[in-house]
Colleague: 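Below you'll find the structure I mean.
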Amino acid sequence: MRRGRSALGDRIFAGLARTAGLLILVVLAGVFVFLLIQGLPGLSVDPKEYGQGFDTFWEYVGPLLFGTIFISLLALIIAVPFAVAVALFISHYAPRKLAVPVAYVIDLLAAVPSVVFGLWGGRALSQALKPVINWLGDYLNWIPLFKGPASPNGQTALTAALVLGVMILPIITAISREVFAQTPRLNEEAAIGLGATRWEVIRLAVFPHAKSGVIAGIMLGLGRALGETMAVTMVYSSSPKYMLNIIGDTSPQTIAANIANNYAEASIDKQHVLIAAGLVLFAFTFLVNFIARWAIGRGERKFAR
Amino acid sequence: MKITMRRAVVPGVAALALAASLAACGDSNNDAATGDSTDSGSSLSGTLAGGGSSAQGAAQQAWMAAFQQQNTGVTITYDPIGSGDGRKSFESGAFAFAGSDAFIANPSDEYTAAKKQCGADPIEVPSYISPIAVVFNLQGVDSLNLDAKTIANIFNGTIKKWNDPAIASQNDGVNLPDTAIHTVHRSDDSGTTQNFTEYLSKAGEGAWKDEASQTWPSTDGLSGNGTSGVVTAIKGGQGTIGYADASQAGGMGVVSIKVGDSYNAPSADGAAAVVANSDLDASATDSQLIYDVNRTDDADGAYPLILVSYLLACPTYDDANTAAMVKGYLSYVVSQDGQKAGADAAGSAPLNSDTSDKAAAIVDKIAGK
């Protein structure tokens with residue numbers, strides 16, 4: 001009797017879990033099919049729908065894809081060293097009394113809605129960054145990134161990248177922290193036994209073990225940055241074009257922000273164009289994740305050898 | 001034992017709840033308008049769904065509140081999802097009426113779709129007229145006088161400095177700095193951009209080369225998302241200039257545009273006068289009151305930089321009750337009372353009595369099949 005009941009419970013639970021697992025695939029496939037059906041007509045609409053002098057869909061989406069990747073990479077450059085350092089601090093340097101609250105606060109950052117980050121970035125951070133941007137434009141304008149002339153209101157790609165960096169920080173930190181903490185105790189002790197300093201322990205024992213986990217965290221962060229919409233839309237002034245200047249009046253636009261910007265007042269044809277741009281982002285994100293999996297898998301195989 | 005049971009039951013309940021809520025979602029978009037026969041004192045009752053132009057949003061709120069007060073049995077919803085989606089939902093029958101910053105030109109695919117949905121030429125009447133202000137942020141300067149050609153040259157990048165002779169010659173005694181002009185445009189597609197670029201191309205004496213469009217034609221300059229984004233961008237930096245709905249121009253310098261021989265600041269009267277002086281669009285059918293706005297109107301006090309937003313409806317509806325509600329609501333909106341309520345709430349320009357009468361005559365023809 002008892003055995004029969006619990007076997008039934010097992011079967012129900014297994015069924016629900018299986019359903020959940022399959023459902024997520026169905027949902028993903030559904031999104032893809034929607035993007036395909038609604039997006040394909042957007043590849044061949046009247047050129048004037050693209051606006052701003054673009055003649056074909058690829059001409060239109062090219063700068064947007066460039067902008068998406070560019071801003072996301074800037075955010076990663078800002079966030080990754082910071083996140084790894086914070087994670088190391090929490091897992092290896094800080095006394096437990098300090099590590100727990102710091103970890104908690106970092107996790108809390110992930111709960112702040114992106115709209116709030118957008119408002120903060122567009123109104124407060126941009127004003128605070130004005131002197132920095134002016135200084136960069138005056139003294140470092142030989143670097144293409146800071147070519148200027150400096151934006152008068154601070155709503156620049158640099159501001160957006162900083163905001164995005166703060167937004168992806170908790171993801172990368174949380175995952176890095178976990179993998180750092182899972183370094184086999186014996187490896188660390190062996191390194192100490194050989195006379196390694198604390199930094200050498202981290203370099204010789206922690207990093208090799210944690211590499212694939214940190215890369216996974218970075219890829220999740222990149223995924224979030226690529227798709228982030230509201231914060232980017234609200235923070236900076238952007239246009240669909242190829243450019244490296246991140247402190248000027250205008251900066252490269254991202255796909256997600258472009259969709260959010262234009263969807264509300266779009267004609268039906270333009271809606272197809274925007275959905276097609278969404279399809280491009282979907283495919284690109286998929287590709288990035290695929291490459292990341294492959295890289296992690298390769299790293300793990302090498303490590304296991 | 002108990003725990004095992006709960007483990008099995010809880011997800012089941014959650015799944016049921018999900019299924020129920022999905023079903024509820026399905027129900028809610030079955031019908032845009034459902035009549036309901038309970039008598040509530042007024043002759044009209046039921047719910048009416050509409051939506052579209054976000055520019056009309058504030059005015060629609062005021063109209064709905066007033067209309068529902070007069071007709072307690074009626075519930076009207078207006079979803080400010082943007083003109084494009086509003087028209088799309090109207091064409092699919094999800095909305096019984098829609099607000100749009102651009103009229104549906106005839107012939108076009110959209111016109112065909114709307115005509116098919118209505119079974120006849122759709123009704124389009126102006127409901128919301130709003131002056132667009134050219135606004136700027138320049139230390140110590142509250143207003144500037146500019147002609148359309150100079151404005152066009154500023155926004156196309158030909159005039160780069162605030163002390164350019166073209167600006168200085170129109171503003172004696174104003175202390176203009178030798179600093180860069182930063183133009184601000186809408187980063188989203190917008191009826192405001194459409195009307196602003198149309199003004200520049202028609203009144204700019206050839207200085208504006210691009211056609212009127214919802215999308216800002218250039219990729220240079222600062223930009224902001226929505227009116228609030230543009231206003232934030234302008235207020236956030238010195239030497240900025242942009243365009244926004246005149247009701248949102250507080251706290252910034254406002255340009256008086258050259259009309260005839262004088263310079264006029266944005267005003268509701270000036271905007272309404274321009275509509276009254278404009279010809280109907282060449283494609284207009286009897287059920288359309290759509291204007292080819294006279295951007296070069298030089299009448300005294302006129303302000304031709306305006307946005308005209310329209311209401312779309314069908315001349316006939318399958319359901320007589322829906323027809324009666326649409327007719328009642330639209331009649332109120334275009335009436336002098338309704339226009340005044342909209343102006344109080346949104347700072348728009350009321351239709352003048354002549355335009356209001358013409359719109360009322362068209363709306364009056366709405367009937368059930």
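The basis for the numbers below is simple: all heavy atoms, side chains too, and nothing from hydrogens, waters or symmetry mates. Lettering of chains follows the sequences in order, A, B, ..., and the numbering in each one begins at 1.
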Colleague: Only pairs of heavy atoms separated by less than 4.5 Å count here; which of B/Ser53, B/Ser213, B/Gly221 has the most with chain A?
Modeller: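 Between B/Ser53, B/Ser213, B/Gly221, the count favours B/Gly221.
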
Colleague: Could you have a look at B/Ser100, B/Ser83, B/Ser54, B/Ser190 and say which one has the most heavy-atom pairs with chain A under 4.5 angstrom?
Modeller: B/Ser83

Colleague: Please identify, among B/Ala233, B/Gly86, B/Gly229, B/Ala102, the residue contributing the most non-hydrogen atom pairs under 4.5 Å to chain A.
Modeller: B/Ala233

Colleague: Which atoms of B/Ile81 come close to chain A, meaning under 4.5 Å heavy atom to heavy atom: side chain ones, backbone ones, both, or neither?
Modeller: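 Only the backbone of B/Ile81 comes within 4.5 Å of chain A.
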
Colleague: Heavy-atom distance under 4.5 Å to chain A: side chain of B/Thr183, backbone, both or neither?
Modeller: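 Neither part, no heavy atoms under 4.5 Å.
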
Colleague: Quick check on B/Thr219 against chain A: is it the side chain, the backbone, both or neither that has a heavy atom closer than 4.5 Å?
Modeller: both

Colleague: Evaluate the ring planes of A/Trp135 and A/Tyr139, with Trp represented by its six-membered ring, and classify them as parallel (under 30°), tilted (30 to 60°) or perpendicular (over 60°).
Modeller: tilted

Colleague: Return the CD1 to CG distance between A/Ile143 and A/Leu244, rounded to the nearest 0.5 Å.
Modeller: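 Taking CD1 in A/Ile143 and CG in A/Leu244, the distance rounds to 12.0 Å.
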
Colleague: Any idea how B/Tyr243 and B/Trp216 line up, ring-wise: parallel (<30°), tilted (30 to 60°), or perpendicular (>60°)?
Modeller: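 Ring orientation, 0 to 90° scale: parallel.
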
Colleague: Evaluate the criterion side-chain contact (heavy atoms from CB on, under 4.5 Å) for residue pair A/Tyr242 and A/Phe70; output intermediate values, then yes/no.
Modeller: CA-CA 10 Å; A/Tyr242 300 102; A/Phe70 183 54; over 6 Å; no

Colleague: Which atoms of B/Glu211 come close to chain A, meaning under 4.5 Å heavy atom to heavy atom: side chain ones, backbone ones, both, or neither?
Modeller: neither

Colleague: Is it the side chain or the backbone of B/Ser218 that comes within 4.5 Å of chain A heavy atoms, both, or neither?
Modeller: backbone

Colleague: Which distance, rounded to the nearest 0.5 Å, do you find between the OG1 of A/Thr285 and the CD1 of A/Ile255?
Modeller: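 With rounding to 0.5 Å, OG1 (A/Thr285) is 8.0 Å from CD1 (A/Ile255).
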
Colleague: Is there side-chain contact between B/Phe196 and B/Ile151, with heavy atoms separated by less than 4.5 Å?
Modeller: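 They are in side-chain contact.
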
Colleague: Using heavy-atom distances under 4.5 Å, tell me whether A/Ala150 contacts chain B through its side chain, its backbone, both, or neither.
Modeller: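 Contact with chain B: backbone only.
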
Colleague: Answer yes if the ring centres of B/Phe97 and B/Phe90 are under 6.0 angstrom apart, and no otherwise.
Modeller: no

Colleague: Does B/Glu91 come within less than 4.0 Å of B/Arg87, counting only side-chain N to carboxylate O?
Modeller: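 Salt bridge flag = no for B/Arg87 with B/Glu91.
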
Colleague: For B/Gln214, is it the side chain, the backbone, both, or neither that has a heavy atom closer than 4.5 Å to a heavy atom of chain A?
Modeller: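 The side chain, not the backbone.
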
Colleague: Using non-hydrogen atoms only, which part of A/Ser151 is less than 4.5 Å away from chain B: side chain, backbone, both, or neither?
Modeller: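 For A/Ser151, side-chain heavy atoms alone lie under 4.5 Å from chain B.
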
